[in-house]
Amino acid sequence: MGRTEFWPEPDVLDTDVAVVGSGGAGLMCVLHALTARPDLDVTVVSKGAVGRSGCTRMVQGGFNAVLDPADSVERHFRDTLDGGKFLNDQALAWTLVHDAPRVINELETRVGCFFDRGPDGRIHQKAFAGQSFDRTVHRGDLTGIEIMGRLRDQMFRLGPRELEDVRALDLLHDEHGQLAGLTALNVRTGRPLVLRARVVVVATGGSATMYRVAAPAREKTGDGVAMCWRAGLPLRDMEMLQFHPTGLLAGNARMTGAVLEEGLRGAGAHLYNAAGERYMARYDPERMERSTRDVVARAGYLEIAAGRGTEEGGVLIDISHLGVAEVERRFPGMVARTRQIGQDLARGPVRVSPTAHFHMGGVLIDVDCRTELDGLLVAGEDSGGTHGANRLGGNGVAESTVFGARAGDTAALLAPERELRDPAADEVAASLGRAYGPLARTEGPWPFDLTTRLKELMWRSVGVVRDAAGLAEADKELDALAEDVQRVAVPGPPEVNYAWQEALDLANQVIVARTIAHAAAWRTETRGAHARADCPDTEAAPRYLVQRRGADGPYGGITSEVRAVEFSRLAPEDQP
Amino acid sequence: MPGEDVRVSVTRSDPDAPAEFTVPRIRPMMVLDALLAIQRTHDPAIGFRFSCRVGMCGTCTVRVDGRSVLACQTEIDEDTEHIRVDPLAGLPVLRDLVVDTAPFWRAWAAVTPYLVPGEDQEVGMDAEPAVIPPDSAERETIDPSLDCIGCAACFSSCGIASARRDFLGPAALNRAMVLVADSRDAAGAHRMDVVGAGSGVDRCHYIYGCTAACPKGLDPARAIRRLRRGRFGGKD
Ligand SMILES: Cc1cc2nc3c(=O)[nH]c(=O)nc-3n(C[C@H](O)[C@H](O)[C@H](O)COP(=O)(O)OP(=O)(O)OC[C@H]3O[C@@H](n4cnc5c(N)ncnc54)[C@H](O)[C@@H]3O)c2cc1C
Ligand code: FES
């Protein structure tokens, strides 16, 4: 029988564990799976360079873990729930704080990281906003390079199969609805791949790139969450998108949105509006600049919106009162970053704006990273619930490594129990049809303007502060975008074609954007990162929305269910 | 009078693909911004790589007017009206400016780039991190050499590494030096054998291309000198 498809015959590969993503969650998962079961065949599928893509690599500030005997995991837990406005899944948050010190041990002793030391030779911990104890472990102000560099080195010891520059497309079921593997696209060759796997771990790092001003690495386009969405899995807290208060403003340069780290505020940096007022006094007179991210980001946004921002639409961060030498010594990476764009953090104020940073929402998991679908695990930023309504600085890389490790342990247990299954042919065809569509079409828009449209829309209507009218507009506009995205055409060869890749990114971003707008319209209160101008109050009992795709396709209706948060360990009124 | 446009010449894999572009100047403007402008307004299919755009991932490395640099961190200053962008030297080109970094990583892997804890050292989630003061001799050797991002700018700018296959190159040797100096590591002797063998330190001619090229300000040439002398902890 002749083939009628417009894509090449896919290569087929079998593996025990397919790990999608090579950030902190992905590589910790590999480490743990192969430490537990060295005989496993583990495959890393990574859209960007292995260990050098994603945001774990970009972590500046550091990693929260309780190491000091004067600190306690209970306090870290309390801080995490206070920060998360008690929307957190308490089992996940507890797991995070409980395992974080153990992961630091492992990173140091097995992985070979070396974090900064205090004068006594023990790991130094610095202050980070929103925490009751100095517990942030770091390597200078470029912690992610040390963690990911060393994890990448471990891959040379462990030898998983590395599929670098390979984009995961879709999860696949067999004829009986059991997880069978995934489709993927080799970005270098343009060829499709079907991976049959006993266990699939999704760790693609969320989707916070879909805003005009945004911090993350380019790969983070909601691929993992969109894959799970298409496969029918439930999501939670999708409206909870964190804006970092201090993103650089560098005009139209790609640098715009890059983060100036939180430690600056911890170390005493001041924030000013264009009139020279330390405006945090209006929003949180007690904690001032050391208030939590949500409060500081919203304050900056409101100052700018009220016309008290700079010409470039920003506010100013100033730490130069510590003295040039001190700022250069403590924040060399940040100083270099500002000098790069003709400003100087060590010598004066620098223009900043809130910047989209991290997605608290994601796929529902349990403490072992299991999902509703047997054999499918999700870890890191793709999962939802750990951080509730707002993530503390320093809890992100802790989450990705803690849950990546647990996913690896779970995968090692599950893989021997699960058989390799044959993916349903119609699912493979549907997935590859979607992926090769933009390349096959000869007429249609390029993706770039649509990406810009999406980012502007999200910034304007689903951004730092939201209201019902804006969200209703966003809902309509996103439906229109969803249609346009399905008409995108890209010229050029299939090999190393990043315009094509952007078309595929965009399709996923729009899926995730729709769930964000939908959940944001549902939450008629202000809580953590989700601020509603028209609903400024916070309800007494936190509830969350669990969303799923409807039967009419990934761009169709959204079914949802409201659940009350269970205070399984701690209620807001409990004494610390 | 500085122009409001920047002309960019790009080496393309397909000899028929356009290679000369004019893009509007923005301020500030990095080489990456120029490449993005080409992609967005002239030729969507132009191949180049980046991820973090803040000098942390090390994947955007190209040669700009012959120098191996990070595209995202290299400014096109007001006086520059024209730049030429080539792929890195010494690595196979996949397409346009995208290279296959496998040879770089093979050299890296050859020095056993991961920590090898001693037999008696406990490792894992219940093991205690080592107590090592920051002003110890070993940390003073290691710390300034640590933030390598694997961008291969040194490899590409080293006449020897980029021209022949049997030199481990500056980044891998720098990594070896860091581990040999680390008191937590037990594979130093083995690593010294590797770096002392034919493709190791003796291939280096001390032209310092690597040190000049490193976007993180590391000094791989110094690491190579240290390895050659086989001494650690002291000043050189
Ligand atoms: C600028 C910045 C600074 C930060 N600083 C801090 C900090 O100081 N402290 C802190 O705790 N947290 C910080 N965070 C948050 C932290 O980085 C994240 O919480 C965490 O690292 C996410 O890890 P991850 O493993 O889930 O994803 P990532 O590390 O982002 O990795 C995602 C991986 O998935 C891959 N991928 C994406 N799509 C696909 C696909 N379709 N197929 C295959 N692979 C795919 C990517 O290539 C990448 O390898 C920061 C984030 C940013 C953006
Ligand atoms: S894009 Fe990451 S270093 Fe340039």
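- For chain A, the option among B/Pro28, B/Ser13, B/Ser51 with the highest count of heavy-atom pairs below 4.5 Å is B/Ser51.
- When only modelled atom types and interatomic distance are considered, A/Glu106 and A/His32 share a side-chain donor-acceptor pair under 3.5 Å.
- Heavy-atom pairs under 4.5 Å with chain A were tallied for B/Gly150, B/Ala37, B/Gly55; the largest tally goes to B/Gly150.
- With a threshold of 4.5 angstrom between heavy atoms, A/Pro491 approaches chain B through its backbone and through its side chain.
- Interface check for chain A: of the options B/Leu94, B/Leu115, B/Val98, B/Leu146, the most heavy-atom pairs under 4.5 Å are formed by B/Leu146.
- Heavy-atom pairs under 4.5 Å with chain B were tallied for A/Met148, A/Glu495, A/Arg139, A/Met58; the largest tally goes to A/Arg139.
- Residue with the most contacts toward chain A among B/Gly47, B/Pro133, B/Ala17, B/Pro129: B/Pro129 (heavy-atom pairs, distance under 4.5 Å).
- Between the side chain of B/Arg184 and the main chain of A/Glu108, a donor-acceptor pair closer than 3.5 Å is present.
- By the neighbour-count criterion of 12 heavy atoms within 6.0 Å, atom CD of A/Glu312 is densely surrounded, having more than that number from other residues, nucleotides or ligands.
- Distance alone, capped at 3.5 Å, places no donor-acceptor pair between the A/Arg52 side chain and the A/Arg57 backbone.
- Using a 4.5 Å cut-off between heavy atoms, B/Ile132 contacts chain A through both its backbone and its side chain.
- Between the side chain of B/Asp147 and the backbone N or O of A/Ile145, no donor-acceptor pair lies under 3.5 Å.
- The contact between B/Trp108 and chain A is made entirely by side chain atoms (from C-beta outward), counting heavy-atom distances below 4.5 Å.
- Top candidate by heavy-atom pairs under 4.5 Å with chain A, chosen from B/Pro117, B/Ser136, B/Cys72, B/Ala130, is B/Ala130.
- Proximity to chain B is limited to the side chain of A/Ile123, based on heavy atoms less than 4.5 angstrom apart.
- Annotation: maximal heavy-atom pairing with chain A below 4.5 Å, among B/Asp43, B/Ile46, B/Asp33, occurs at B/Asp33.
- If you measure heavy-atom distances from A/Arg157 to chain B, the contacts under 4.5 Å come from both the backbone and the side chain.
- Look at A/Arg167 and A/Glu219 and you find no salt bridge, because none of the NZ, NE, NH1 or NH2 atoms lies under 4.0 Å from a carboxylate O.
- A 6.0 Å sphere centred on CG of A/Asp68 holds more than 12 heavy atoms belonging to other residues, nucleotides or ligands.
- Your options are A/Glu146, A/Gln154, A/Met155, and the one with the most heavy-atom pairs under 4.5 Å with chain B is A/Glu146.
- For A/Thr189, no part lies under 4.5 angstrom from a heavy atom of chain B.
- In this structure a side-chain-to-backbone donor-acceptor pair under 3.5 Å is present from A/Thr246 to A/Leu260.
- With chain B as the partner, the residue from A/Ala49, A/Pro119, A/Gly48 showing the most heavy-atom pairs under 4.5 Å is A/Pro119.
- For a residue to count as touching a neighbouring chain, one of its non-hydrogen atoms must lie under 4.5 Å from one of that chain's; by this rule A/Val496 touches chain B with backbone and side chain alike.
- The aromatic rings of B/Phe48 and B/Phe50 lie parallel to each other, their planes meeting at an angle below 30°, with 60° marking the opposite boundary.
- Summarising the local packing, CZ of A/Arg339 is surrounded by more than 12 heavy atoms from other residues, nucleotides or ligands at distances under 6.0 Å.
- In this structure, chain A has a heavy atom under 4.5 Å from the side chain of B/Ile26, while its backbone stays farther away.
- At a 4.5 Å heavy-atom cutoff, A/Cys55 makes no contact with chain B through either its backbone or its side chain.
- Contact of A/Asn252 with chain B is made through backbone and side chain together, with heavy-atom distances under 4.5 Å.
- Between the side chains of A/Arg337 and A/Gln340, no donor N or O sits under 3.5 Å from an acceptor N or O.
- Closest of all the heavy-atom pairs between A/Arg188 and A/Asp165 is NE-OD2, 2.7 Å.
- For chain A, no part of B/Gln121 is nearby; none of its heavy atoms comes within less than 4.5 Å.
- The most heavy-atom pairs under 4.5 Å with chain B, out of A/Gly492, A/Gly118, A/Pro216, A/Gly112, come from A/Gly112.
- Judged by distance alone, the side chains of B/Thr80 and B/Asp77 do bring a donor and an acceptor atom under 3.5 Å apart.
- The parts of A/Phe114 that come within reach of chain B are both its backbone and its side chain, each placing non-hydrogen atoms under 4.5 angstrom from that chain.
- No donor-acceptor pair under 3.5 Å is formed between the side chain of A/Thr204 and the backbone N or O of A/Gly21.
- With a 4.5 angstrom heavy-atom cutoff, A/Val59 touches chain B only via backbone atoms.
- For B/Asp100, the part lying under 4.5 angstrom from a heavy atom of chain A is the side chain only.
- Residue contact with chain B, scored on non-hydrogen atoms closer than 4.5 Å, involves the backbone of A/Ala215 exclusively.
- Using a 30° and 60° split on the angle between ring planes, B/Phe104 and B/Phe155 fall in the perpendicular class, above 60°.
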